[in-house]
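To start, the structure under review is shown below, and the notes come after it.
Computation of the quantities below employed the complete heavy-atom set of this structure, encompassing side-chain atoms and omitting hydrogens, waters and symmetry-equivalent molecules. Residue numbers count from 1 along this sequence.
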Amino acid sequence: MKKLLLLPTILFPYTVCLCLGYGFIAQSFSNTTIEILGIFVFVTLVLSFVCNLIYVFTAKENTAKELIKTALLIKAVHIPTYILIFVLGVLMGLMFFMTFPFILLLIIIDLLTLWISGMISVYSLAKSLIEGGLCSKPLLIIAMVCQFFFCADIISLFVIKKAIKRNNTQKR
């Protein structure tokens, strides 16, 4: 039931893509349309942030392993939107002149998505650091820093997950 709180976090980049898709299908971004879509994206962003905070405060009894799995799932679900927004930004840069503000907006959306999903990842890694014994402290600290860089976030979570699995099999 608590994982339902993560639904806005999962849906945030998809709402951005849907809003952009609507604008391209309608072939016009009137001021009213931009304002409505902007408000919709902003509300989803704020809702994601608030739900993440609630999740973090209610997930204290969850183990670090469960939290890392959840963080990895969120990051994996965001991969298609990262790719879509990146391709859209490249196409806009190649096809249209003076699209720098739009490309900048796409970069900001990607960074916000990374920040929102990174909240859960950093919490799960901090919890595994506090629990101790799951894997080495330097590896966990490096993984925490990696949560705010594209591609490094997922790779570091996979490395941590494998290290935890390897440590559990060595302890048995």
(message) Keeping Lys127 on the side-chain end and Asn62 on the backbone end, is there a donor-acceptor pair under 3.5 Å?
(response) yes
(message) Using only atom types and a distance under 3.5 Å, with no angle test, would you say the side chain of Lys161 pairs donor to acceptor with the backbone of Lys69?
(response) no
So do the side chains of [X] and [Y] get within less than 4.5 Å of each other, counting heavy atoms only?
{"X": "Leu114", "Y": "Gln147", "value": "no"}
{"X": "Met119", "Y": "Thr9", "value": "no"}
{"X": "Phe12", "Y": "Val41", "value": "yes"}

Tell me whether [Y] is reachable from [X] by hopping between hydrophobic residues (I, L, V, M, F, W, Y) whose side-chain heavy atoms are closer than 4.5 Å.
{"X": "Ile142", "Y": "Leu140", "value": "no"}
{"X": "Leu139", "Y": "Ile141", "value": "yes"}
{"X": "Leu47", "Y": "Leu112", "value": "no"}

(request) Quick one: name the residues clustered hydrophobically with Phe149, using the 4.5 Å side-chain heavy-atom rule over I, L, V, M, F, W, Y, and just say none if it's on its own. (result) Val145
(message) Side-chain heavy atoms under 4.5 Å apart, restricted to Ile/Leu/Val/Met/Phe/Trp/Tyr: what other residues fall into the cluster of Val50, or is it alone?
(response) Leu5, Leu6, Ile10, Tyr14, Phe42, Val46, Ile54, Tyr55, Val56, Leu67, Leu73, Ile74, Val77, Ile120, Tyr123
(message) I'd like to know whether OH of Tyr82 has more than 12 heavy-atom contacts from other residues, nucleotides or ligands below 6.0 angstrom.
(response) yes
(message) Strictly below 4.0 Å, N to O, side chains only: are Lys2 and Glu66 in salt-bridge contact?
(response) no
